[in-house]
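Report on one structure; see the data block that follows.
We're numbering straight along the sequence, starting at 1.
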Amino acid sequence: MVIVPHFGDDDDPFTDQLPSPTETLLPDYATEANVPPPALPPNYVLTQRPTRPRIYTFSSWSNDSMFLLPPRDVDATLTPMYNISVALNLNPFAPLSYVTTVRRGIDDDGEFVGEFELAVMHSRAFLKMGEHSTRMSSVLKKEGHSPRKFLWEYGNVKLHWDCRTTLDDGSPLCICSDRRSQQIASFVPPPLDASPPLPAATLTVFPDGHELFDHILLSALVVERKITLSF
């Protein structure tokens, strides 16, 4: 969707807030304006539901990417399930930002799952899953008065993230619950101010959470980046 905005004196052209009422759609793109996000991304592959929670581990950062690895008792070869890469967006007409891309498998040729862009010193942010792109503010919102509680809503997927707990080593503990308030995952990134070598980040996914694996992983990465930028 392409929008031609009308900015007043106090408007910020790069804000992540919803468009103002004076914005108009270019005619060629008007048909895309009211297309809702799909319930699941195209070619979404449902992960087989296990009988107990599984702990997935993020590999060390290397060559602009990292992997999400399965538990060794599930795959002794530790074949990566997801490839996560980050690139710097140096577009001179936009605030400095990082673009995080998630693909299935071990390399950059794997199936595209999604990507998000967050500005470093600005609220400008976008999300893309499959072929659907949207502003981050329409998917991720703060929940309640805490800066460490978030609500992720995409299509019919609704996830609650609560990152108010800190472990003894300083690592945040983020609990993910579904629309029924049942825990379906937990995410433990390394502590923000610890000295290297840092402990590996882990993502624990409960049996019911495996059918939403893509959403859990993407939202966990977005929440972690939001917390990091506000640290």
Drop me the distance from [X]'s [atom1] to [Y]'s [atom2], to the nearest 0.5 angstrom.
{"X": "Ser65", "Y": "Ile106", "atom1": "OG", "atom2": "CD1", "value": "10.0 Å"}
{"X": "Ile175", "Y": "Phe187", "atom1": "CD1", "atom2": "CZ", "value": "12.0 Å"}
{"X": "Leu192", "Y": "Ile227", "atom1": "CG", "atom2": "CD1", "value": "8.0 Å"}
{"X": "Leu140", "Y": "Ser219", "atom1": "CG", "atom2": "OG", "value": "8.0 Å"}
{"X": "Lys226", "Y": "Met136", "atom1": "NZ", "atom2": "CE", "value": "6.5 Å"}
{"X": "Phe206", "Y": "Arg54", "atom1": "CZ", "atom2": "CZ", "value": "14.0 Å"}

Which pairs count as disulfide (SG to SG under 2.5 Å) when at least one residue sits in residues 49-106, sequence neighbours excluded?
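For residues 49-106: none.
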
Please list all pairs meeting disulfide (SG to SG under 2.5 Å) that have one or both residues in residues 50-120, counting only residues at least two apart or in different chains.
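For residues 50-120, and leaving out neighbouring residues, there are no disulfide (SG to SG under 2.5 Å) pairs at all.
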
Under a single-linkage definition using a 4.5 Å side-chain heavy-atom cutoff for Ile, Leu, Val, Met, Phe, Trp and Tyr, are [X] and [Y] assigned to the same hydrophobic cluster?
{"X": "Trp152", "Y": "Phe116", "value": "yes"}
{"X": "Ile84", "Y": "Ile55", "value": "no"}
{"X": "Trp61", "Y": "Phe58", "value": "yes"}
{"X": "Leu198", "Y": "Leu203", "value": "no"}
{"X": "Met81", "Y": "Phe67", "value": "no"}

Exercise: identify the closest heavy-atom pair between [X] and [Y]:
{"X": "Ala119", "Y": "Pro95", "result": "CB-CB, 4.1 Å"}
{"X": "Ala200", "Y": "Thr57", "result": "CB-CG2, 3.7 Å"}
{"X": "Gly209", "Y": "Ile216", "result": "O-CD1, 3.3 Å"}
{"X": "Pro53", "Y": "Pro207", "result": "N-CD, 3.8 Å"}
{"X": "Pro191", "Y": "Pro199", "result": "CD-CG, 3.9 Å"}
{"X": "Ala201", "Y": "Pro190", "result": "CB-CD, 3.7 Å"}

Starting from the C-alpha separation in whole Å, work towards a yes-or-no answer on ring-ring contact (aromatic ring centres under 6.0 Å, His included) for Tyr82 and Tyr56.
CA-CA 11 Å; Tyr82 294 89; Tyr56 300 87; 8.6 Å; no

Partner set under side-chain contact (heavy atoms from CB on, under 4.5 Å) for [X], not counting sequence neighbours:
{"X": "Val120", "answer": "Leu96, Tyr98"}
{"X": "Ser146", "answer": "Arg148, Lys149, Arg164"}
{"X": "Arg179", "answer": "Lys158"}

Do the side chains of [Y] and [X] get nearer than 4.5 Å, heavy atoms only?
{"X": "Val222", "Y": "Phe150", "answer": "no"}
{"X": "Val102", "Y": "Asp214", "answer": "no"}
{"X": "Leu218", "Y": "Tyr154", "answer": "no"}
{"X": "Phe126", "Y": "Arg135", "answer": "yes"}
{"X": "Lys142", "Y": "Pro147", "answer": "yes"}
{"X": "Ile184", "Y": "Leu159", "answer": "yes"}
{"X": "Val139", "Y": "Met129", "answer": "no"}
{"X": "Asp208", "Y": "Asp178", "answer": "no"}

Using 30° and 60° as the class limits, which term best fits the ring planes of His210 and Phe213: parallel, tilted or perpendicular?
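Correct class here is perpendicular.
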
Where the side chain of Arg103 meets the backbone of Asp108, is there a donor-acceptor pair that is under 3.5 Å apart?
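Yes, because the side chain of Arg103 sits within donor-acceptor range (under 3.5 Å) of the backbone of Asp108.
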
Step by step, would you call Thr77 with Thr79 a side chain to side chain donor-acceptor pair (under 3.5 Å)?
CA-CA 5 Å; Thr77 64; Thr79 303; 2.8 Å; yes

Between Ser85 and Asp64, does the side chain to side chain contact (heavy atoms under 4.5 Å, CB included) criterion hold? Intermediate values first, please.
CA-CA 6 Å; Ser85 60; Asp64 299 326; 5.6 Å; no

Please walk me through it: do Arg124 and Glu117 pass salt bridge (Lys or Arg N to Asp or Glu O under 4.0 Å)?
CA-CA 8 Å; Arg124 183 176 185 269; Glu117 178 178 356; 3.1 Å; yes

Check disulfide (SG to SG under 2.5 Å) between Cys163 and all other residues, then give those that pass, not counting sequence neighbours.
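Testing Cys163 for disulfide (SG to SG under 2.5 Å), a comparison that skips the adjacent residues, returns Cys174.
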
